[in-house]
Amino acid sequence: MPEGKLITLEGIDGTGKSSIANMLKKSFPEAFFTREPTQNWIGKAVKRSIESDGDPLAELFLFVADHAEHIAKVIRPALAEGKIVFSDRYSDSRYAYQGVTLSDDFDDAVAWVQGIHRDWTVVPDLTILFTIDPAVAISRCGVRGEKTKFEKLEFLKKVQDNFLRLAKEEPRRFVIIDAENELEDVGREVEMKIKDFLKK
Ligand code: TMP
């Protein structure tokens with residue numbers, strides 16, 4: 001059984017989540033930082049799919065393959081060494097995003113996507129969920145200039161609703177953070193919540 005702790009950072013595009021991850025690197029220098037999609041060849045295939053018009057089901061399985069490789073090669077070994085592991089996006093991104101891209105194909109796509117992770121994924125010990133008005137998030141994405149097919153208002157509203165549903169299902173695992181405040185303040189709040197969690 002893994003001995004370390006797995007902390008994931010989740011939320012829609014434009015919450016500032018990745019900037020917060022960079023701040024956390026300074027606050028937790030001993031921790032190990034990783035992300036999904038990964039930088040390996042499967043992660044690159046994921047990127048190709050989301051930057052083009054990939055079939056949603058094929059795209060889901062690319063994300064899932066990336067997750068499986070990530071768990072086997074990175075997450076489990078780091079946890080076995082007793083590390084605190086931070087992942088910028090992880091399985092909840094799949095439940096929330098692919099829960100929307102596949103919503104026409106399944107009655108409850110979120111539950112279906114959760115189902116294909118069951119029994120092999122490593123469930124995070126703590127998940128920080130960054131929430132924001134999706135309109136503000138879109139304007140931030142615009143400033144950043146990274147336009148993927150996911151950075152659309154109606155889509156991100158549904159993704160955020162899915163994230164909030166997941167948080168409701170597992171209130172002990174999730175901490176919800178309002179990402180509309182100043183980045184520095186958000187960073188400090190997150191750092192405090194993580195320190196409290198690690199003290200327990
Ligand atoms: P990134 O912006 O964090 O690099 O993630 C790329 C995009 O992929 C982002 O819009 C979120 C989306 N995504 C999914 O749709 N499903 C997933 O499982 C993951 C990890 C990301």
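All of these numbers come straight from a predicted model, not from anything done at the bench. When a ligand or atom number is given, it counts from 1 through the structure's own listing order.
Aromatic pair F86/F32: ring centres not closer than 6.0 Å. Remark: aromatic rings of H117 and W112 are distant, center separation not under 6.0 Å.
Each of the atoms 14 (C), 15 (O), 16 (N), 17 (C), 18 (O) of ligand 1 lies under 4.0 Å from some heavy atom of Q98. Ligand 1 places these atoms under 4.0 Å from at least one heavy atom of I50: 6 (C), 7 (C), 8 (O). Those atoms of ligand 1 that come under 4.0 Å of a heavy atom in E36, given as number and element, are 20 (C). Ligand 1 places these atoms under 4.0 Å from at least one heavy atom of R94: 17 (C), 18 (O), 20 (C).
Ligand 1 lies less than 4.0 angstrom from a heavy atom belonging to K47.
Contacts between R89 and ligand 1 below 4.0 angstrom, taking non-hydrogen atoms only, involve the side chain exclusively. Within the 4.0 Å heavy-atom criterion, neither part of T101 lies near ligand 1. When non-hydrogen atoms are compared, ligand 1 lies under 4.0 Å from neither the backbone nor the side chain of E151. Of all the heavy atoms of R35, the ones lying under 4.0 Å from any atom of ligand 1 belong exclusively to the side chain.
Checking only distances, K17 never comes within under 3.5 Å of ligand 1, N or O to N or O.
Cation-pi contact between K195 and F28: present, with separation from the ring centre below 6.0 Å and deviation from the ring axis of at most 45°.
V190 and F197 end up in the same hydrophobic cluster when Ile, Leu, Val, Met, Phe, Trp and Tyr side chains are linked at under 4.5 Å.
Side chain to side chain, E36 and S93 fail the donor-acceptor criterion of an N or O pair below 3.5 Å. Side-chain contact check for T127 and E10: no donor-acceptor pair (N or O, by modelled atom type) lies under 3.5 Å.
Among the candidates K158, K152, K157, the single residue satisfying the salt bridge (charged side-chain N to carboxylate O under 4.0 Å, His left out) test with E154 is K157.
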